[in-house]
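Heavy-atom basis, side chains included; hydrogens, waters and symmetry copies ignored. Convention: sequence-line order gives letters A, B, ...; per-chain numbering from 1.
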2 protein chains.
Amino acid sequence: MARIPGRQPTAPPTLADVAERAGVSRQTVSNAVNNPDLLRADTLLRVQEAIEELGYLPNRAARNLRTRASHLVGLRINPVQEGTASAIMDRFVHSLVETSREAGKHVLLFAGDPLDPLAGYDDLLRSTAVDAFVVTDTYLGNPQAAWLGARRAPFVAFGRPWDNPAANHPWVDVDGAAGCELATSHLLDQGHERIAWIGWRKDSWIGEDRRSGWTRALRARGLSTTGLASRVEDTVASGRGASAVLLDEARPTGFVCASDTLAMGVLHTLAERGLVAGRDVAVVGFDDSQVAQVVPPGLTSVRQPLEEVAVEVVKALEGLLAHPPAVGPGVLLTPTLTVRGSSSAVGFGT
Amino acid sequence: MARIPGRQPTAPPTLADVAERAGVSRQTVSNAVNNPDLLRADTLLRVQEAIEELGYLPNRAARNLRTRASHLVGLRINPVQEGTASAIMDRFVHSLVETSREAGKHVLLFAGDPLDPLAGYDDLLRSTAVDAFVVTDTYLGNPQAAWLGARRAPFVAFGRPWDNPAANHPWVDVDGAAGCELATSHLLDQGHERIAWIGWRKDSWIGEDRRSGWTRALRARGLSTTGLASRVEDTVASGRGASAVLLDEARPTGFVCASDTLAMGVLHTLAERGLVAGRDVAVVGFDDSQVAQVVPPGLTSVRQPLEEVAVEVVKALEGLLAHPPAVGPGVLLTPTLTVRGSSSAVGFGT
DNA sequence: ATGAAAGCGCTAACAT
DNA sequence: ATGTTAGCGCTTTCAT
């Protein structure tokens, strides 16, 4: 990289450096970067050469100050839940970063006090550090949505506004009911007729949604759900306990679970009883976590299309930050089912 | 939040707004924020009240432009390795974000073409979007370190400069050899004498380091390692294959693995042969992934102290960005062993 | 098609 | 202890 004498050896070149080198004004360089159409072809070429030679790239801070935009998207991350199989954030974050890059944005991570869902948002907003937020933890009944809305802070939610269908912020979500219906139908197709559900407590909107997919699939085949459902906390121990009770009292031949964590609990029960998943009892989880992928004999699981979610989220962000802002309707994506050994003898061997 | 008439209703208050309200100059407000010691107590109080009332927070872009610092740390993230148990990034990223916050920094995520380890760094550097980088994927023989060094880009590595012990950049790493020695000693203490190693190919520095811990522990008790080691790719299938061969040819009663992924491969082999982990054969993995935590009967695993790593990384960053920069020696942290059912009948029941 | 002037909000350097 | 001046690097507006 060529250096201008008299400058700090590490200071990157500025617009003025390029202008001098190309023999034009600073403004023309700016136009070459942002509105190339305005330049005559030969001028443009000369400026571009100078840019190339100097390795010029616009200074972010200066541009941000001038345009009042940071091209940064804030994403709050919570601590990893140890002892669970929860694994979607990892994949989602990567997809979001990747997609954001294509849209000329970067992702700014910030931490949040798990007890205060609002912590961190305010400072970033008031210091104009980010242009918008991506809000992911809507499962709590997200006060963020209302709060951010009240502050006129642009944001896109990954997750439906369950508690307020009239909310007018953009959102993207995955159809959990469809996923569980898919899972249940898969077991029905394998010949199972007594299929149990292990899900979350009734106050979880997501949990009730997923459960409805199980109900729907059984009803569609004229099968009863009575005595086959259990609602517990999202822990391996709860899954194990619930499956033990269900096996004793309802004798199901298959389990559909609201999470991979609960499904792993079922695998624990089976291991204790000398039963083999996929041969003796079928098990399906939700999220297609790494756990599902590597546990013997492989856990069949509902997979959220997180790459698509990221694409839709970024699309919504771009609309939101456009002039004038454009807010489309919520987007509901359909998950797929990844079949492994836990639900089909064929799948044995990973 | 009070609003100044004549301004956009959404534009945050500026230094000038606060100055006017407090009846002082803009500089005094700036000092109140950055050098409160310079103000007389009563002036400081008045300014602070004005700041409070207006909800003022300094504009990031303006401050960044003026101070030539973004208080942003760049972290490149790679795609999640599907089908493996690899899980440390998640935990590390969260710890890093948390610790950075305490140091007044935020973490900027960017994506990288997995094939080009340098992609993404250059642009952020030249556009002065970040103050420094945290480099994590040093296992490849990291060209980033040399490259960033040549550009005088401040960075801290999570991972030793294996290929260049003379490198003078700050780094933090976890002692893999000590971890595997811990794991092997644990099995020795349980009475095992034939303990096999399943690790990575010889060109992996990290793999050889971890393996040396296994060797050291066996040698210390006068036991031979001959015929007990295998070097394969980091996949579940490889771990399964290697453990099958080792069981047939060397009859080990315990396995120490370079990763949880390989350890899961061992569990596959055991499941196929009707053997029970922890009762018939002991297995230890590395990384204490979620997989290790939830798989029945629980996988004993070496746990990296990622929270400490993050603390040391941020410490090193602060030194690096201080005036003048201060670069301390590399920091090597010691992992712990999390014992679960796969290596002790006691651990049965999670 | 190109250039000149102004200013985004802040802080470093110097006055007072 | 506080105020004044200048300028960080860029883009918007307006003139040429």
So which nucleotide from C:dT2, D:dA1, C:dG3 ends up closest to the side chain of A:Leu38? C:dT2

Give the rounded distance in Å between these two atoms: [atom1] of [X] and [atom2] of [N].
X: B:Arg40; N: D:dT2; atom1: CZ; atom2: C1'; value: 9 Å
X: B:Arg46; N: D:dA1; atom1: CZ; atom2: P; value: 15 Å
X: A:Asn59; N: D:dG7; atom1: CG; atom2: C1'; value: 13 Å
X: B:Arg126; N: D:dG9; atom1: CZ; atom2: C1'; value: 16 Å

Check this for me: does any side-chain nitrogen of one of [X] and [Y] sit under 4.0 Å from a carboxylate oxygen of the other?
X: B:Arg151; Y: B:Asp122; result: yes
X: A:Glu307; Y: A:Arg91; result: yes
X: B:Arg101; Y: B:Glu98; result: yes

Counting only N and O atoms by type, is there a donor-acceptor contact under 3.5 Å from the side chain of [X] to the main-chain atoms of [Y]?
X: B:Asn34; Y: B:Asn31; value: no
X: B:Arg126; Y: A:Gly55; value: yes
X: A:Asn59; Y: A:Ala62; value: yes

Relative to each other, are the rings of B:Phe133 and B:Phe110 parallel, tilted or perpendicular (30° and 60° limits)? perpendicular

Under 4.0 Å between any heavy atoms, over every strand shown, what does B:Leu39 touch: base, sugar-phosphate, or nothing? Just pick one. sugar-phosphate

Angle of first-five versus last-five pair axes in the helix from C:dA1-D:dT16 to C:dT16-D:dA1, to 10 degrees: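 So the angle between the two local helix axes works out to 40°.
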
On DNA chain D, does the nearest nucleotide to B:Leu65 precede the nearest nucleotide to B:Asp42 from the 5' side, or the other way round? Give the residue.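 Between the two, 5'-proximity favours B:Asp42.
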
Derivation and outcome, side chain to side chain donor-acceptor pair (under 3.5 Å), residues A:Asn64 and A:Ser70: CA-CA 5 Å; A:Asn64 293 350; A:Ser70 66; 5.6 Å; no

Would you list the protein and nucleotides 14-16 of chain D atom pairs, both N or O, that sit under 3.5 Å from each other?
none

Stepwise, does the side chain to side chain contact (heavy atoms under 4.5 Å, CB included) test hold for B:Val93 with A:Leu109? CA-CA 9 Å; B:Val93 169; A:Leu109 249 37; 3.5 Å; yes

Output the distance between atom CE (B:Met89) and atom CG (A:Asp90), rounded to the nearest 0.5 Å. 8.5 Å

So for atom CD, which belongs to B:Glu102, do other residues, nucleotides or ligands contribute more than 12 heavy atoms lying within a distance under 6.0 Å?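 Counting other residues, nucleotides and ligands, CD of B:Glu102 exceeds 12 neighbours.
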
Please check the phosphate of C:dG3 (OP1 and OP2 only) for any side-chain N or O of A:Thr28 closer than 4.0 Å.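 Checking A:Thr28 against C:dG3: at least one side-chain N or O falls below 4.0 Å of OP1 or OP2.
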
Short side-chain N/O contact to C:dT2 OP1/OP2 from A:Thr43, under 4.0 Å: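 Looking at the OP1 and OP2 atoms of C:dT2, one of them is under 4.0 Å from a side-chain N or O of A:Thr43.
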
Sugar-phosphate atoms are those with a prime plus P, OP1 and OP2; base atoms are the rest. Using that split, label each nucleotide of nucleotides 11-16 of chain C B, S or - for protein heavy atoms under 4.0 Å, 5' to 3'. BBB---

